[in-house]
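One structure below.
Atoms considered below: every heavy atom in the structure, side chains included; atoms not considered: hydrogens, waters and symmetry mates. Proteins come first, then strands; the chains are lettered A, B, ... in the order of their sequence lines, and each starts at number 1. None of these values were measured; they are calculated from a predicted model.
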There are 2 protein chains.
Amino acid sequence: MKNVDGVKYRMTKQKRVILEVLKNTKSHPTADWVYDKVRKKIPNISLGTVYRNLNILKNQGEILELSYGKGFSRFDGNASRHYHFTCEHCGRILDIETPEFMEMEHEVARQMGVKVARHRLEFYGSCPDCMTD
Amino acid sequence: MKNVDGVKYRMTKQKRVILEVLKNTKSHPTADWVYDKVRKKIPNISLGTVYRNLNILKNQGEILELSYGKGFSRFDGNASRHYHFTCEHCGRILDIETPEFMEMEHEVARQMGVKVARHRLEFYGSCPDCMTD
DNA sequence: CTTATAATAATAAATTTTCGCAACCTCGAA
DNA sequence: TTCGAGGTTGCGAAAATTTATTATTATAAG
């Protein structure tokens, strides 16, 4: 696999474990959470390595980076395009399997005179566990 | 006007100018851009004051904070709910006046068994000025 | 097995945003 | 108009997340 500069990527123990951790959780963890988790298997891994590989994996399309604006990013091992639901009470982030609403892109393109390449849609509210309030 | 702790907000010269700057631009500036702009009128204002007031104004519902995950926030003097289009070439952010797609919330609520309070929708692509590439 | 070089660990540094505090200013009450 | 409680400011330090640097190590091609 090569990146945009024609440089070969290598598969390392660190990168493999990072990807493994991310693929094996349904949560949408922060870089720090991944770091803690990976350290269980590679105790001397450095945080910089986690960040570097998360970026590489994102550029390779293996994972998604989600920005929720609290100053840090979250990562999603599910690289397929899908929406998210964030519970405003417990903070949990759930994947939504609803198919993409593509008509919106056409409508915006027509109305604004722009070319729409993609969109991002986030829902917020109460999850089933937090509904009783 | 009182905040959640029952504390009265005061109108200061600094807060007024900050709000003014934000209401008078169609761009979606960063805190630093607002800081530079406000300094033209209040040269000795501090960056901390800008951040403090941007947060207060956001909590008062006067402005919106937009997180695009590049490590910093953008602010929108247009506090009405609307979508945004980001040009991936020139970085410009445009307001979209399309009415909200509320049906999506119902669909997600039904399908996930959650209560949806709001959603955020962002479009990305090429703006009219950048279409020819 | 050798070798070129991509990746790592450790640490420093960059960036954005928040905090603590003494001095100051706002606004309602007298 | 004056007064005063307490919200606000400017400034510097501090957080918190992420990126860059560098000498060393480890991957993968031949």
Side-chain angles (χ1 to χ4, degrees), chain A residues 1-22 28-60 62-75 91, chain B residues 1-22 28-60 62-75 91:
Chain A
M1 185 125 206
K2 299 196 171 191
N3 71 12
V4 286
D5 297 321
V7 180
K8 285 182 203 143
Y9 285 129
R10 290 176 182 173
M11 179 50 66
T12 64
K13 176 173 37 134
Q14 289 85 348
K15 186 191 288 185
R16 179 166 41 247
V17 173
I18 289 169
L19 185 54
E20 221 169 83
V21 162
L22 221 40
H28 300 70
T30 62
D32 210 61
W33 187 93
V34 173
Y35 175 50
D36 280 346
K37 205 78 170 169
V38 171
R39 258 200 299 190
K40 302 268 168 59
K41 297 204 167 178
I42 310 176
N44 71 322
I45 195 174
S46 80
L47 183 56
T49 297
V50 173
Y51 273 104
R52 197 182 326 106
N53 280 303
L54 286 173
N55 262 307
I56 290 172
L57 291 168
K58 177 182 64 172
N59 292 336
Q60 289 182 317
E62 300 264 16
I63 66 175
L64 296 178
E65 180 174 4
L66 308 172
S67 308
Y68 287 104
K70 287 107 186 164
F72 53 85
S73 283
R74 290 176 169 278
F75 295 87
Chain B
M1 184 122 207
K2 299 196 172 191
N3 72 11
V4 285
D5 297 322
V7 179
K8 283 183 205 141
Y9 286 126
R10 290 177 181 169
M11 180 50 66
T12 64
K13 174 172 39 131
Q14 288 84 349
K15 187 188 290 185
R16 178 166 39 248
V17 173
I18 289 169
L19 185 55
E20 221 169 82
V21 163
L22 220 41
H28 300 70
T30 63
D32 210 62
W33 187 93
V34 174
Y35 175 51
D36 279 346
K37 206 79 170 168
V38 171
R39 257 201 300 191
K40 302 269 169 59
K41 296 205 168 175
I42 310 175
N44 70 322
I45 195 173
S46 79
L47 182 56
T49 296
V50 172
Y51 273 105
R52 201 183 312 111
N53 280 304
L54 286 174
N55 263 307
I56 291 172
L57 291 168
K58 176 182 65 171
N59 293 335
Q60 290 181 316
E62 301 263 17
I63 65 174
L64 296 179
E65 179 174 6
L66 308 172
S67 309
Y68 287 102
K70 286 107 185 163
F72 53 84
S73 282
R74 291 177 169 277
F75 295 88

Quiz item: Separation of A:I42 atom CD1 from C:dA9 atom P, in whole Å?
Solution: 7 Å
Quiz item: In whole Å, what is the span from the CG atom of B:N59 to the C1' atom of C:dT18?
Solution: 14 Å
Quiz item: Sequence neighbours excluded, which residues qualify as side chain to side chain donor-acceptor pair (under 3.5 Å) partners of A:D32?
Solution: none
Practice problem: Using a 4.0 Å cut-off on protein heavy atoms (strictly under), produce a 5'-to-3' string for nucleotides 10-17 of chain C with B for base contact, S for backbone-only sugar-phosphate contact, and - for none. | Solution: B-----SB
Exercise. Measure from CD1 on A:I56 to P on D:dA20 and round the result to the nearest Å.
Key: 13 Å
Compile the donor-acceptor pairs under 3.5 Å between side chains in residues 48-58 of chain A and protein atoms, sequence neighbours left out, one pair per line.
unit_1, atom_1, unit_2, atom_2, d
A:T49, OG1, A:S46, OG, 3.2
A:N53, ND2, A:T49, O, 3.1
A:N55, OD1, A:K58, NZ, 3.4
A:K58, NZ, A:E65, OE1, 2.5

Short heteroatom pairs, N/O only, protein and nucleotides 28-30 of chain C, under 3.5 Å:
none

Quiz item: Cationic tip of B:R39 within the cone over B:Y35's six-membered ring, i.e. under 6.0 Å and within 45° of the normal?
Solution: yes
Quiz prompt | side-chain contact (heavy atoms from CB on, under 4.5 Å) assessment of A:D36 paired with A:W33 | solution = CA-CA 5 Å; A:D36 280 346; A:W33 187 93; 5.8 Å; no
Practice problem: Scan residues 11-18 of chain A against DNA chain C and write down, sorted by residue number, each residue with any heavy atom closer than 4.0 Å; if none is found, say none. | Solution: A:T12, A:Q14
Do any side-chain atoms of residues 11-22 of chain A form donor-acceptor pairs under 3.5 angstrom with protein atoms, and if so which ones, sequence neighbours left out?
unit_1, atom_1, unit_2, atom_2, d
A:T12, OG1, A:K15, N, 3.1
A:K15, NZ, A:R10, O, 3.1

Exercise. Note down the inter-axis angle between the two ends of the helix from C:dC1-D:dG30 to C:dA30-D:dT1, five pairs each, to the nearest 10°.
Key: 40°
Exercise. Please figure out whether B:R10 or B:N53 has its closest DNA chain D nucleotide nearer the 5' end.
Key: B:R10
Quiz prompt | Separation of D:dT9 C1' from B:R39 CZ (nearest whole Å) | solution = 16 Å
Quiz item: Could you state the CG-P distance from B:L57 to D:dT8, rounded to the nearest angstrom?
Solution: 11 Å
